[in-house]
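First up is the structure itself, then whatever we jot down about it.
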Amino acid sequence: MPDKSEFQVVENQSNLTNKNVNNPYAGVDSFLSNVSNFQIIESTLREGEQFANAFFDTETKIKIAKALDAFGVDYIELTSPTASEQSRKDCEAICKLGLKSKILTHIRCHMDDARVAVETGVDGVDVVIGTSSFLREFSHGKDMAYITKSAIEVIEFVKSKGIEIRFSSEDSFRSDIVDLLSIYRTVDRIGVNRVGVADTVGCASPRQVYDLVRTLRGVVSCDIETHFHNDTGCAIANAYAALEAGATHIDTSVLGIGERNGITPLGGLMARMYASDPEYVKAKYNLPALREIENLVAKEVEVNIPFNNYITGFSAFTHKAGIHAKAILNNPTTYEILKPEDFGMTRYVSIGHRLTGWNAVKSRVDQLNLPLSDEQVKDATQKIKQLADVKSQMSMDDVDNILRVYHASIEAGEPGQSPEFNTLIERAQ
Ligand SMILES: CC(=O)SCCNC(=O)CCNC(=O)[C@H](O)C(C)(C)COP(=O)(O)OP(=O)(O)OC[C@H]1O[C@@H](n2cnc3c(N)ncnc32)[C@H](O)[C@@H]1OP(=O)(O)O
Ligand SMILES: O=C(O)CCC(=O)C(=O)O
Ligand SMILES: [Zn+2]
């Protein structure tokens, strides 16, 4: 049996970019990083179909596949054609669409599945088998010698058909590291296109991900795909750590749908990667299309888009507190790392509430073309706060109404003294 010391870590210098060279904080690890050079394996039509509420008929699968293709994902992964007769037909139908994204299907590490998969017209086959003691004992019951033998057989068969092949270990983070590295090295040597690391149960932390992928990067020369479940909320951070450690491909699904509470969401990954390298992400993916894809999938699986969803949640670009509003109105970068316009979204500065400030109110006064001095705007702001203290939901109309009444009180020579203020407050109480 090999031990860990056999797997010497070899530095991969191929990602040496000007960015790294010019970055005084870039260490050796920065040269491994693929945060500005990664591919997405979009699995809404495989992992996503494993979401509790998912039932995709053929027409819906085609709609989703076309939308993902138009968004620019590199790969679309489909449910195993052995799952059912209709799954096989749907896989064939999607392969015939002629999309730019490569089409993959996902199968068990078994020749029966592989024979069916290669006949569907897919560009690649993703093979998986559990390597943790839990899955070896309670799922398929096979030992590492058997797993290795069947992996070699399936990989060589798929390769012989001229189709891309990936080998993945399910439950990688609860597997023995020596078992893992041994099998990855074996499949790399026989020419697998990618190896996959999967946090099937969502137990991994970003540091564990970094360590495993970094070690693996020194052991195999093929691409490294990673798959993260979100049981403990680490799915996006883990994907990022994997790329920093030299992974090349990330699995996603729209809104993160999948088994249990799902995997790395496409939108959340886009937000994270945009924050690191906006130009790369904007050039590669059609970001304004994200909202429509999410709406499509949300409707099909009958869920609402969460209020705090990355990028498209209803409050994602809303600024409220007076201190924030002032700075945002001066320069949006003060409190925004993502530019809403790059995602086809709009910024909203909320004014009608008790946390407002005179700078935010002044911006509305200017829009309404009301000739008020700064002192008068400050006074009008106090009226807004007075009303907000008794009225929990103030609309922009309410704000405008106060500003107009205030302006009229100035014209009448009694700034802020109009009886109409009392009426507004009484009505709200
Ligand atoms: C972590 C993941 O998400 S992996 C992907 C999960 N995807 C799916 O399960 C796709 C949908 N699944 C299905 O339609 C069915 O489970 C099928 C068609 C794959 C298999 O159905 P069945 O033959 O009825 O078997 P069942 O689902 O009860 O059990 C799984 C079988 O596969 C075996 N198995 C499980 N994982 C693997 C694997 N990775 N490689 C090879 N064999 C495996 C099990 O030992 C079991 O075999 P058995 O029939 O000898 O007991
Ligand atoms: O094939 C893979 O890499 C991942 C399979 C899967 O969905 C998982 O392990 O959670
Ligand atoms: Zn999964």
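All ligand and atom numbering here is 1-based and tracks the order in the structure.
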A quick test of your reading: do over 12 heavy atoms of other residues, nucleotides or ligands sit less than 6.0 Å from NZ of Lys391? yes

Distance flag for atom 38 (C) of ligand 1, protein heavy atom under 4.0 Å: yes

Give the contacting part of Lys142 toward ligand 1: side chain, backbone, both or neither, where contact means a heavy-atom distance below 4.0 Å. neither

Any donor-acceptor pair under 3.5 Å linking the side-chain atoms of Ser169 with those of Ser172? yes

I'd like to know if atom 8 (C) of ligand 1 has any protein heavy atom within a distance of less than 4.0 Å. no

Heavy-atom nearest neighbour in the protein, as seen from atom 40 (N) of ligand 1, with distance rounded to 0.1 Å: Cys109 N, 3.1 Å

Determine, counting only non-hydrogen atoms of the protein, whether one lies under 4.0 angstrom from atom 26 (P) of ligand 1. no

Heavy atoms only, cut-off 4.0 Å: how does Ser139 contact ligand 1, side chain, backbone, both, or neither? both

Does some non-hydrogen atom of the protein lie less than 4.0 angstrom from atom 14 (O) of ligand 1? yes

What atoms in ligand 1 come closer than 4.0 Å to a heavy atom of Val128? 38 (C), 39 (N), 40 (N)

Compare all side-chain heavy atoms of Asp123 with those of Ser101 and state whether any distance is below 4.5 angstrom. no

Under a 4.0 angstrom heavy-atom cut-off, which atoms of ligand 1 come close to Thr82? 18 (C)

Provide, to 0.1 Å, the distance between atom 20 (C) of ligand 1 and the closest protein heavy atom, together with that atom's residue and name. Arg108 NH1, 3.5 Å

Consider only side-chain N and O atoms of Arg272 and Ser276, and report whether a donor and an acceptor are under 3.5 Å apart. yes

Strictly by modelled atom types, are His106 and Glu47 linked by a side-chain donor-acceptor pair under 3.5 Å? no

Indicate, with yes or no, if the rings of Tyr146 and His140 have centres closer together than 6.0 Å. no

Atoms of ligand 1, numbered as shown, that sit under 4.0 Å from any heavy atom of Ile129: 38 (C), 39 (N), 40 (N)

Does Arg46 approach ligand 1 within less than 4.0 angstrom via side chain, backbone, both or neither, non-hydrogen atoms only? side chain

Any idea which part of His106 is under 4.0 Å from ligand 1, heavy-atom wise: side chain, backbone, both or neither? side chain

Are Cys222 and Arg194 close enough that some pair of their side-chain heavy atoms sits under 4.5 Å apart? no

Side-chain donor-acceptor contact under 3.5 Å, Ser395 with Asp397: no

Only one of Glu49, Gln86, Lys61, Gln50 passes side-chain hydrogen bond (donor to acceptor under 3.5 Å, both in side chains) with Thr79; say which it is. Glu49

Are Tyr274 and Phe343, when compared by the centres of their aromatic rings, separated by less than 6.0 Å? yes

Do the side chains of Val116 and Asp112 get nearer than 4.5 Å, heavy atoms only? no

Residue, atom and distance of the protein heavy atom nearest atom 11 (C) of ligand 1 read Ala83 CB, 4.1 Å

Heavy atom of Ser80 under 4.0 Å from ligand 1? no

Looking at atom 42 (N) of ligand 1, tell me if a protein heavy atom falls under 4.0 Å from it. yes

Say whether Thr312 and Glu294, considering side chains only, have a donor N or O and an acceptor N or O under 3.5 Å apart. yes

Taking the six-membered ring for Trp, are Phe228 and Phe173 parallel (under 30°), tilted (30 to 60°) or perpendicular (over 60°)? tilted

What are the polar N/O contacts of ligand 2 with the protein below 3.5 Å, with distances?
| unit_1 | atom_1 | unit_2 | atom_2 | d |
| --- | --- | --- | --- | --- |
| ligand 2 | 1 (O) | His106 | NE2 | 2.7 |
| ligand 2 | 1 (O) | Arg166 | NH1 | 3.3 |
| ligand 2 | 1 (O) | Arg166 | NH2 | 2.7 |
| ligand 2 | 3 (O) | Arg166 | NH1 | 3.1 |
| ligand 2 | 3 (O) | Ser168 | OG | 2.6 |
| ligand 2 | 7 (O) | Arg46 | NH1 | 3.0 |
| ligand 2 | 7 (O) | Arg46 | NH2 | 3.0 |
| ligand 2 | 7 (O) | Glu47 | OE1 | 2.9 |
| ligand 2 | 7 (O) | His227 | NE2 | 3.0 |
| ligand 2 | 9 (O) | Thr200 | OG1 | 2.6 |
| ligand 2 | 10 (O) | His227 | NE2 | 3.1 |
| ligand 2 | 10 (O) | His229 | NE2 | 2.9 |

Measuring to protein heavy atoms, does anything land under 4.0 Å from atom 46 (C) of ligand 1? no

For atom 32 (O) of ligand 1, is the nearest protein heavy atom closer than 4.0 Å? yes

Could you enumerate the protein N, O or S atoms under 2.8 Å from the Zn ion (ligand 3), written like residue then atom name? Glu47 OE1, His227 NE2, His229 NE2

Are any of the side-chain heavy atoms of Val118 and Phe157 separated by less than 4.5 Å? yes

Just do the salt bridge (Lys or Arg N to Asp or Glu O under 4.0 Å) check on Asp171 and Arg174 with the steps written out, would you? CA-CA 6 Å; Asp171 205 6; Arg174 295 190 302 173; 3.0 Å; yes

Between the side chains of Thr60 and Asp57, does any donor sit under 3.5 Å from an acceptor? yes

Report yes or no: does a heavy atom of Glu170 sit under 4.0 Å from some atom of ligand 1? yes

For the rings on Tyr348 and Phe317, is their centre-to-centre separation under 6.0 Å? no

Quick one: do Glu153 and Lys149 satisfy salt bridge (Lys or Arg N to Asp or Glu O under 4.0 Å)? Show the steps, please. CA-CA 6 Å; Glu153 191 183 12; Lys149 188 168 157 286; 5.5 Å; no

4.5 Å side-chain heavy-atom contact, Tyr285 and Asp74: yes

re atom 3 (O) of ligand 1, the protein heavy-atom contact at minimum distance is Gln50 NE2, 3.0 Å

